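The analysis underlying the following values was restricted to heavy atoms, covering all of them including side chains, and did not include hydrogens, waters or symmetry mates. Everything numeric in this text was worked out from a predicted model, so none of it was measured. Whatever order the structure lists them in is the order used to number ligands and atoms, beginning at 1.
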Amino acid sequence: MRLIILGPPGAGKGTQSARISQRLGIPQLSTGDMLRAAVKAGTELGKRVEGIMAAGGLAPDQVVLDIIAARIDEADAKAGFIMDGFPRTIPQADGLDALLATRRLALDKVLELRVDESALIDRITTRAKEAAARGEPVRKDDNPEVLSRRLQAYVKETAPLVEHFAGKGLLQSIDGLQSVETVEDQLTKAIGA
Ligand code: ADP
């Protein structure tokens, strides 16, 4: 099964895609995680995106498309995947279409987690506080100022993908404000798993 999970920062994409990944035995492809790993490893690519990410902007489309192209060719992604944080712009979605078409593959569904803005700010602030309390590193971009830039980027660049995928008949929307279990349940039903 080839899935995309779509939603604003803090909507629960990471949590839910990890669960779906386990349930279906397919990898979770998170461009955010991949880019953070590149930053941490200090690669050329990491150096290129570090400042952009810290400021809440979006990495260049071609950079993430190249990462995704390489990732979907790995053995574990042959049986399917769930993409989390990608695509994030219309050009990324078009690029993904082209990547899949040359491999004779198609998407099965796009799952949208709907959450309103005030809830997102609460969630991310709580996530940062909890990580700090556990002695874990807090994501540099989980602070109110950068968060508001990430939300702006979402509204401007990513939200148009909702209509884009609805137009292709792929979209399933779920209320992301329900409990983690209820959301998981509804996502599971939506994908018929
Ligand atoms: P969140 O969904 O909580 O904002 P992510 O972990 O998905 O977090 O992404 C963190 C940051 O990584 C983004 O703010 C952006 O700078 C960069 N990023 C991740 N995925 C993409 C992408 N597909 N295109 C461009 N930038 C990306």
Side-chain angles (χ1 to χ4, degrees), residues 2-18 20-21 27-41 43 45-72 77 81-100 107 110-131 136-162 164-165 176-177 180 183:
R2 291 179 195 84
L3 304 168
I4 289 173
I5 191 156
L6 199 62
K13 300 187 297 291
T15 305
Q16 295 296 338
S17 36
I20 293 172
S21 154
Q28 171 188 4
L29 311 190
S30 160
T31 44
D33 287 348
M34 295 177 207
L35 294 172
R36 274 187 291 277
V39 170
K40 202 167 164 212
T43 63
L45 187 150
K47 286 182 195 142
R48 208 172 147 200
V49 298
E50 185 168 16
I52 299 173
M53 290 175 74
L58 293 184
D61 289 331
Q62 199 54 52
V63 167
V64 281
L65 276 166
D66 289 347
I67 296 182
I68 281 289
R71 187 63 186 87
I72 59 179
F81 48 71
I82 177 158
M83 293 182 164
D84 157 17
F86 176 90
R88 238 180 174 89
T89 65
I90 296 279
Q92 289 181 20
D94 291 340
L96 175 63
D97 264 354
L99 287 176
L100 293 176
L107 289 172
V110 176
L111 306 165
E112 182 206 4
L113 293 178
R114 273 202 235 148
V115 178
D116 69 50
E117 203 167 308
S118 60
L120 296 172
I121 295 171
D122 276 1
R123 275 189 178 187
I124 293 190
T125 321
T126 309
R127 173 164 88 187
K129 279 193 197 134
E130 285 173 355
E136 293 168 9
V138 174
R139 265 175 60 173
K140 267 204 197 121
D141 57 354
D142 271 358
N143 66 67
E145 198 182 312
V146 178
L147 173 59
S148 103
R149 277 226 42 215
R150 283 157 62 205
L151 284 173
Q152 278 171 30
Y154 181 80
V155 170
K156 185 157 173 265
E157 306 280 354
T158 312
L161 292 177
V162 172
H164 173 86
F165 288 120
L177 279 178
V180 173
V183 173

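- Residues Val49 and Val64 form no side-chain contact, since every pair of their non-hydrogen atoms from C-beta on lies 4.5 Å or further apart.
- Around ligand 1, the residues contributing at least one heavy atom under 4.0 Å from the ligand are Pro9, Lys13, Thr31, Gly32, Leu35, Arg36, Met53, Gly57, Leu58, Ala59, Val64, Gly85, Phe86, Arg88, Gln92, Arg127, Arg139, Asp141, Arg150.
- Legend: side chain to side chain donor-acceptor pair (under 3.5 Å) pairs involving residues 141-153, not counting sequence neighbours, sorted by first then second residue: Arg127-Asp142, Arg139-Asp141, Asp142-Arg150.
- Side-chain atoms of Thr31 come within 3.5 Å of backbone N or O of Gly85 as a donor-acceptor pair.
- Here the closest non-hydrogen pair linking Phe165 and Pro87 is CZ-CG, 4.0 Å.
- Val110 and Leu6 make their closest contact through CG1-CD2, 4.1 Å (heavy atoms, listed as atom of the first residue, atom of the second, distance).
- Counting heavy atoms from C-beta outward, Met83 and Leu96 have side chains that approach closer than 4.5 Å.
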